[in-house]
Protein chains: 2
Amino acid sequence: MKSTPHWLHVSTLLVSGLACISAWAADWSDADLAAAAALRDQAMSGTQAFDHVSSLVTEVGPRFAGSAGDAASTRWALNRMGTAGLSHIRTQDVLVPRWIRGTCEISITAPFPQKLVAVSLGGSIGTDDEGIEADVLPVASLDALNALRPAEVKGKIVFIDQRMPRTRDVSGYASTVPIRAQGPSAAAKLGAVALVIRSVGTSPERVAHTGNMTYRPDAPRIPAFAISNPDADVLGRQLKGDKPVRMRLHSTARELPPAWSANVIGEIFGTDRSSEIVLIGAHLDSWDLGHGAIDDGAGVAIVLEAARLIAKSNRKPSRTIRVVLFANEEFGLSGAREYAKSIGEEFAKHVVAFEADLGQGPAWRLESRVAPEALPAIAQIHKVLEPLNVSLGGNETTGAPDLRPLREAGLPVLDIGMDATKYFDVHHTVNDTLAQVDAKVLDQSVAAYVATIWLAANKQGDFGRLPAQPANP
Amino acid sequence: MKSTPHWLHVSTLLVSGLACISAWAADWSDADLAAAAALRDQAMSGTQAFDHVSSLVTEVGPRFAGSAGDAASTRWALNRMGTAGLSHIRTQDVLVPRWIRGTCEISITAPFPQKLVAVSLGGSIGTDDEGIEADVLPVASLDALNALRPAEVKGKIVFIDQRMPRTRDVSGYASTVPIRAQGPSAAAKLGAVALVIRSVGTSPERVAHTGNMTYRPDAPRIPAFAISNPDADVLGRQLKGDKPVRMRLHSTARELPPAWSANVIGEIFGTDRSSEIVLIGAHLDSWDLGHGAIDDGAGVAIVLEAARLIAKSNRKPSRTIRVVLFANEEFGLSGAREYAKSIGEEFAKHVVAFEADLGQGPAWRLESRVAPEALPAIAQIHKVLEPLNVSLGGNETTGAPDLRPLREAGLPVLDIGMDATKYFDVHHTVNDTLAQVDAKVLDQSVAAYVATIWLAANKQGDFGRLPAQPANP
């Protein structure tokens, strides 16, 4: 954003407003609050975040766990952290499962033959050489599938035809992603020979949406695929006719032995409380289909740039700011688990964590999961973000996926919610490219992050501790 | 459009307005003008056009010249014309060239390896089994390529990186499509081993744009490909660095022996001048990548539905309305040439021709190529279309592609221009699906067509004759 008067004006108002708030909340000095606002406004006047994404997708591109691109992204991140002025830059070895998409060919063979645009779900087995041809059994939802009897499903290709709703937050995704994650074993337990789902994505374009799925140990493994929304429409229209619909599926997807990847970590050392850690994360890996510009190149760029702005400023944070670019978020949270395991007693020194993993933004809502006594501080952080049109949400967030092991151990998390209205048009598809990234939107997200990071790193007290949660299976 | 008061109101104003015009132009009776307005308003209140497209893309899908889908589309069209109430429905055999896309794999191998989304240009040869790997030579345009010396091009993969501008009419396409048509031989004459172009399309999505190309007899044949806009961006950014960029290309595209296809023709018999013909066309074939919903399922639906509305009305046209659904427009105008050749002396009985081949609409401009003495009649047709927000363009149109042989022989043509602002986002790509079609927009296009057809079929005099033009090579 080249013209700054609007933001400067808002900032002036804000600082005077905050002076009143700080009279009853002693979490920050006026100077800290003013520094947060200054960093925010600096970001709004233009950042290098877009350049970070552009460099990552041009010089690395897709970086699926264990691939050559994944290894290239580790080198890229090390160099980029150095240029950003971070210290104690290092990698942390992470063993990642290895899966190869191979080829995928799906077609309707009757009544009206058509090839469909399809992808294997992440982790799916392939078919044998002959492929699979069978009648198609459409179901409206995972619940509808689970209500069927084995006799109705046996030998069929199950087609779950539920459309993901478009929402500003992740609720539309959350309501449909179980189809992808649990659908294959649900269908297999009833005797299906394969599963085909309408993509868990909102794009009207002819791109299919991949993503992780998990086989249950108590069900046979069957191949699982997603078809694009327009292809699901074609299949749905053929199924409305009076003739049986048959499909043919072929895929060479397969598992390989695990491979080594790495978390990449860098820091801005704190001054008086350097042993205390504010963790900001993003994930370095991407799915194999797109360039990973939105998921999660944007997140990488936002946290790198926020850290760079602080590292290059003339102010040092009280606590240490630790940037963690996680390995393999997409295919099993390997990096997050490795990080949580590795920190041991240092866990107690982690004050709060947050991660950028919902695209470029704009940031629109601040959520948290902190001890009740820290809620006034959250309200105060929100006051600093309010000029960015960020609203204040609840205290029930789960944070981004890589935070799960830390959150389950009781660490408070923050969540700067990104506007996801269009995110699921491109997420996990070939369309996740730089063409979907807007530099000014990215700047606004950096502004929200940099101010929040600064405040978290300089807060007088901590954010408390929460009861440990039972780990998800 | 369910609520009609607006249109009824406009129609009432219009009929009174036309009464004045008809006082000085005797081309139509007041009853004919009123009938045209009534057909127009009937179409605006809702048509079956969307159902025609839906049926075609669901029951046939892609229908590239000579393919199984092409044959299925002939059967579909015969049945659909019957249901629409047309008479004298028949096919006309058309021999079509046959080309198979096969596989296409393109990647950057250095400095930063990435796979690219690419398609073979229509008619391109494939590579040999080993594929082609060579340094990339970027050029900004076809003119820039033609200005190079052979020593600069020899052994290189030429990359023409010119972006198609987005325009409401076809001028953006017209200004860049020579890259696709002429680029391969231009590069080959200078010693290039292959040609890669930025897609001649406006989509920011990761879909590549195919289309016809022609090898010149005086140049070697080299493989030719288009990459999507985001992939061209990646390649362009790598080329801006200081390291040489290499690509690897592999394709199994190949030519097969010619096959039989067919024009499908049906008529609404005229009353007092039944031997005189008003030709309305669209093309039944599509490219192989998409479903052909926009190109040219929409055109097929518009002319079929306009004809159906007239056939099912209680008014009979004075002249015969002939609907021609042409075979193989995309890959060489085979159907158009066969039709023009077949009519012999009946050419003299053709009064005017127009074709819907620019997507769903909305119709926004009426253009023509008629004898000067017929221009007042064009203005009068425009008055009937004006309530649809259709403007009056010039008298220099070339009409749609299938009209070329007739136009070159001197037949007057009309051209109901469609708004093409978004058309080239999906045209010739996998994204050409029903999801891109809007039923209400189609209805407006049908309204423009049905009124114009009615007026052309009932005009007192004809549209004159134009000097024959030399055929394009």
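The chains referred to below are lettered A, B, ... by the order of the sequence lines, with proteins before strands, and numbering in each begins at 1. Only a predicted model underlies this, so the values are computations on that prediction, with no experimental measurement involved.
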- request: Would you mind telling me which of Glu59(A), Lys115(A), Gln436(A) has the largest number of heavy-atom pairs within less than 4.5 Å of chain B?
  value: Glu59(A)

Report which part of [X] has an atom under 4.5 Å of a heavy atom belonging to chain B: side chain, backbone, both, or neither.
{"X": "Gln238(A)", "result": "both"}
{"X": "Thr58(A)", "result": "both"}
{"X": "Leu289(A)", "result": "backbone"}
{"X": "Ser54(A)", "result": "both"}
{"X": "Pro111(A)", "result": "neither"}

- prompt: Which residue out of Asn229(B), Leu434(B), Asp233(B) racks up the most heavy-atom pairs below 4.5 Å with chain A?
  reply: Leu434(B)

- prompt: From Thr433(A) OG1 over to Asp231(B) CG, what is the distance, rounded to the nearest 0.5 angstrom?
  reply: 8.0 Å

field: Atom pair CG/CD of Asn431(A) and Glu205(B) - distance to nearest 0.5 Å
entry: 4.0 Å

- prompt: What closest approach, in Å, do Pro204(B) and Ala435(A) show between heavy atoms, and which atom pair accounts for it?
  reply: O-CB, 3.7 Å

query: Taking C-beta and beyond as the side chain, do Gln114(A) and Val60(B) meet within less than 4.5 Å on heavy atoms?
result: no

field: Qualifying residue, where the test is side chain to side chain contact (heavy atoms under 4.5 Å, CB included) with Arg206(A) and the options are Asp432(B), Val430(B), Thr429(B)
entry: Val430(B)

